[in-house]
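Excluded from the calculations below are hydrogen atoms, water molecules and symmetry mates; all remaining heavy atoms, backbone and side chain alike, are included. Below, read A as the first sequence line, B as the second, and so on, with proteins coming before strands; counting in each chain starts at 1.
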There are 4 protein chains.
Amino acid sequence: MPAPGRSHGRSDKRQRIIEAAVEVFAEKGFFGARVSEIAEAAGVADGTIYLYFKSKDDILISVFEEKMTWIVRRLQEILSPIEGAEAKLRRYVVEHLQLVLEQPKLIQVLTVELRQSARFVKQHSPKGFAKYLAVIGHILDEGQRTGVFLTSLDTGLFRRVIFGAIDEISLEWVLGGPPADPHAAAHQVADFILRGLCVRGHPADVPQIDNRET
Amino acid sequence: MPAPGRSHGRSDKRQRIIEAAVEVFAEKGFFGARVSEIAEAAGVADGTIYLYFKSKDDILISVFEEKMTWIVRRLQEILSPIEGAEAKLRRYVVEHLQLVLEQPKLIQVLTVELRQSARFVKQHSPKGFAKYLAVIGHILDEGQRTGVFLTSLDTGLFRRVIFGAIDEISLEWVLGGPPADPHAAAHQVADFILRGLCVRGHPADVPQIDNRET
Amino acid sequence: MPAPGRSHGRSDKRQRIIEAAVEVFAEKGFFGARVSEIAEAAGVADGTIYLYFKSKDDILISVFEEKMTWIVRRLQEILSPIEGAEAKLRRYVVEHLQLVLEQPKLIQVLTVELRQSARFVKQHSPKGFAKYLAVIGHILDEGQRTGVFLTSLDTGLFRRVIFGAIDEISLEWVLGGPPADPHAAAHQVADFILRGLCVRGHPADVPQIDNRET
Amino acid sequence: MPAPGRSHGRSDKRQRIIEAAVEVFAEKGFFGARVSEIAEAAGVADGTIYLYFKSKDDILISVFEEKMTWIVRRLQEILSPIEGAEAKLRRYVVEHLQLVLEQPKLIQVLTVELRQSARFVKQHSPKGFAKYLAVIGHILDEGQRTGVFLTSLDTGLFRRVIFGAIDEISLEWVLGGPPADPHAAAHQVADFILRGLCVRGHPADVPQIDNRET
DNA sequence: GATGAATGAGTCTTCATTCAT
DNA sequence: GATGAATGAAGACTCATTCAT
């Protein structure tokens, strides 16, 4: 239960600005967004923005930091109890895409603006993104340690390959709308990745059918 | 054969502006780039830009159209004589990443700004990107037709999955520099994708080793 | 004797704000100074300022009124027992420059900001400045009455001439630091003014030497 | 006859902005002046200002440099043919005050804003002011060399004393309007200064009358 | 066709002031 | 009285675009 009074008012306003920024950045893009639009969407005065953020850039950076941290924690909470790298990876794919369905605007901002501001964000906000990649990296490491994933794979490379694949699908869904059966699509993608990663015989639950069986 | 005289001078200037825009957009991003910087880099006056392009937006769109067309043609010329969807796909991966090494600034613009301007480009310049995706799509179709790739895969989905994976690696190389052995990395990625796509037993040249064999 | 209790607390805060304003105005200038800086320097909240002053302008005006009144009273107390216009004028010069050494920040504010806000201050705060000029004016009047100063001099003009000379030296000392021997400088200036003002034969204590005697 | 075409247009615009800035700074003060007001007064667009000046500060600095240079040259041209330090000094006083009558707004800006921006101008634009003081300094040096002025005087000190006296009178005339007979006032001031500076017996043309003679 | 000086609309940011607590 | 979070009006500056030469 949040404490009343100032400290609550303060966090409350800051959070409202963050959420408003996600909306406006998603709709107009970072450069197309006006600080006054964010203020209006947050229900605060223009100047109030600057009580909580140093600049417009700082809003974007803060959105990254805050939301990436939140996503990473959410993923970690879901994934940590799961046994087995294969199951973890499958669940990761499903959960990320679930997130896209739940919060398309947030994902749009993170996906579109993260890249567009790549140089700038790489300088100012590398932590959030690095932690996200680490989520994938840990699964890959575990899979290699337990002999499920091919040890010949460069995990530094493949965590980006996997991220890129998921990220592109996220973008597609966010801009073009999700497909009729997102769940099936998510599992197709997970199957694909697992076939690519796993030692022969794995994954047990992804029958390496030949086309005749289809 | 290009017409001589004036019209050649004309294309020459237009082309110089396009190349200059690639440089400047790569260095500063679309929004950070000034039209006057592009003009200076192209060795023309500011106003001259507007003899060849309607607006700053139009420069970006034209860069896309022109360069995407060029890339697609280049890929098609390389891929069309190749026999077999597996070999074609492998070569596609290698060639795209080769392009990243050869023209990092161009790839940076296409990769970073394409996404950033996603909505805007989706509206104004969908052709180039669609044609690029079609290059991957055709390979997938051929693979399914010839029974090499799993027919259960939604090619509309997987051409984006593959594009996303390659695109992310491109971004990494462009912003962080290429790895020590880009050729090996390219083949690792190609192996991964082919394992994901192929019917059991394929690809013939990608031994589905288990970790003991490694 | 100051009133005890609340009213003392009240004047205390008001006075602290005045002193803080002198510091901040001296350091940043009137326009460069932030009300919040003055509040911080005074150890009060921003809003508290407005319990004692109508506006930022009002702070400056109050500084003038208060400090000018104080300076005028101090000068009058020192000068009134002194016999003779010449001695009075000399002492005035010495005491003003002494003040510069003692309270450079105050003098800086009065000297720099008074002029910069000249129009504005002329409208809002003429009393303090007029009283200061009157100090010089009274000395001039006395000197003319007692036949020591030339009666041909327009005292309205010369009180400004004298003020300007002293003011400029004050500014120099305040911004560039005082000279090695400020006392000697003060007397040189006093000698100069007295030679300019006095009837031939005066001042008795300023021998009208020719250069050979030097 | 001014050269036609670009270079003329350019200097012309820059000069118009300078003159407009003098008007607006005189009327509103530096901080009260809006860049758009200067632009309007100069008959140019707001943005045009920034083709000729880096910032609003730069306009003020440029006004100083340019006008101080002009004034110093004007004074030097008038003073250099004059024989004798006494006559030179008298003429300097008269000419400076003549300038006040001719161009009160310019003098107001130089007098009021110079001081207000003292710290800032001392950093950015010391040359113009130093040259102005040097005009007075050279006269004092010459007077001491030729045995007309007291050699005991510190010329570094007295050039400021003299400047301060004249500057204060200038301010008075500029803000309160000139007196009924400015010429007489100028000579009264010159007489005063010369009596203060000169060896006994000098100045020949300033009879050291006693009050009875008046 | 080519130029580049000029334009002026557009926006981030500051900060004096207010007022609910 | 005291606080300081909130306000919002105001302005310096940028830069894509135009057009007279």
Side-chain angles (χ1 to χ4, degrees), chain A residues 4-7 9-10 12-14 31-40 42-59, chain B residues 5-7 9-10 13-14 31-40 43-59, chain C residues 6-7 9-10 13-14 31-40 43-59, chain D residues 4-7 9-10 12-14 31-40 43-59:
Chain A
R6 292 214 179 89
S7 72
R10 203 184 138 80
D12 179 52
K13 282 244 165 79
R14 188 188 144 89
F31 287 102
R34 309 287 148 233
V35 171
S36 60
E37 289 177 307
I38 298 173
E40 193 184 21
V44 300
D46 293 17
T48 304
I49 299 273
Y50 292 88
L51 296 177
Y52 299 96
F53 302 94
K54 281 198 298 290
S55 63
K56 190 186 175 189
D57 281 9
D58 190 39
I59 302 175
Chain B
R6 296 262 159 151
S7 74
R10 201 184 134 82
K13 274 211 172 120
R14 189 189 142 88
F31 286 102
R34 314 276 160 249
V35 171
S36 59
E37 289 177 304
I38 298 173
E40 193 186 21
V44 301
D46 293 17
T48 305
I49 299 270
Y50 292 87
L51 297 174
Y52 298 96
F53 302 93
K54 280 200 299 288
S55 64
K56 190 186 176 190
D57 281 9
D58 189 38
I59 302 174
Chain C
R6 295 262 159 153
S7 74
R10 198 185 135 81
K13 276 213 170 119
R14 190 189 142 88
F31 287 102
R34 315 274 158 250
V35 171
S36 60
E37 289 177 304
I38 297 173
E40 194 186 19
V44 301
D46 292 17
T48 304
I49 299 272
Y50 291 87
L51 297 174
Y52 298 96
F53 302 93
K54 282 200 298 289
S55 64
K56 190 187 177 189
D57 281 10
D58 190 37
I59 302 175
Chain D
R6 290 210 182 92
S7 72
R10 203 182 140 79
D12 179 52
K13 283 241 165 79
R14 189 188 143 89
F31 288 102
R34 307 292 146 228
V35 171
S36 59
E37 288 176 306
I38 298 173
E40 194 184 19
V44 301
D46 292 19
T48 305
I49 298 273
Y50 293 89
L51 296 177
Y52 298 96
F53 302 94
K54 282 200 297 289
S55 64
K56 191 187 174 190
D57 279 10
D58 190 38
I59 302 174

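The distance from atom CG of Asp57(A) to atom P of dT13(E) is 7 Å, rounded to the nearest whole Å. Rounded to whole angstrom, the span from the NZ atom of Lys56(A) across to the C1' atom of dC12(E) amounts to 8 Å. Between the CD atom of Glu40(D) and the C1' atom of dG8(E) there is a distance of 13 Å, given to the nearest Å. Taking atom CG of Asp58(D) as the reference point, atom P of dA12(F) lies 15 Å away to the nearest angstrom. If you measure from atom CZ of Phe31(A) to atom C1' of dA16(F), you get 16 Å, rounded to the nearest angstrom. With rounding to whole Å, Ile49(D) atom CD1 is found 14 Å from dG11(F) atom C1'. Counting to the nearest Å, the C1' atom of dT14(E) and the NZ atom of Lys54(A) are 16 Å from each other. Per the geometry, CZ belonging to Phe53(D) stands 12 Å off P belonging to dA6(E), to the nearest Å.
Between Arg34(A) and dC12(E) there is a side-chain N or O to OP1 or OP2 distance below 4.0 Å. The shortest distance between the side-chain N/O atoms of Lys13(A) and the OP1/OP2 oxygens of dA6(F) is below 4.0 Å.
Each of Thr48(B), Asp58(B), Val35(B) was scored for a side chain to side chain contact (heavy atoms under 4.5 Å, CB included) with Phe53(B), with one residue passing: Asp58(B).
Both Ser36(B) and Gly47(A) lie near DNA chain F, and the one whose nearest nucleotide falls closer to the 5' end is Gly47(A). Summary of the strand contacts: Val44(D) and Val35(C) both lie near DNA chain E, and taking for each the nucleotide with the nearest heavy atom, the more 5' one is attributed to Val44(D). Both Ser55(C) and Ala33(A) lie near DNA chain E, and the one whose nearest nucleotide falls closer to the 5' end is Ala33(A). Position along DNA chain F of the nearest nucleotide to Ala45(A) versus Thr48(C) favours Thr48(C) as the more 5'-ward residue.
Among the nucleotides dT14(E), dT17(E), dA5(F), the one closest to any side-chain atom of Leu51(A) is dA5(F). For Asp46(A), the listed nucleotide lying nearest its side chain is dG8(F); candidates were dA2(F), dG8(F), dG1(E). Counting only heavy atoms from C-beta on, Tyr50(A) has its side chain closest to dC12(E) among dT3(E), dT17(E), dC12(E). Checked against dA5(E), dT7(F), dA5(F), the side chain of Tyr52(A) finds its nearest nucleotide in dA5(F).
When both distances must be under 3.5 Å, the Watson-Crick or G-U wobble mate of dA12(F) is dT11(E). If you check dT3(F) for Watson-Crick or wobble pairing at under 3.5 angstrom, you find it paired to dA20(E).
One finds the CZ atom of Arg34(D) at 10.5 Å from the CZ atom of Phe31(D) (value rounded to the nearest 0.5 Å). For the atom pair CZ (Arg14(A)) and CD1 (Ile59(A)), the distance works out to 10.0 Å, reported to the nearest 0.5 Å. In this structure, the separation between NZ on Lys13(C) and CD1 on Ile49(C) is 11.0 Å, given to the nearest 0.5 Å.
Summarising the geometry of Tyr50(A) relative to Lys54(A), their closest heavy-atom pair is CD2-O, 3.7 Å, with the distance given to 0.1 Å.
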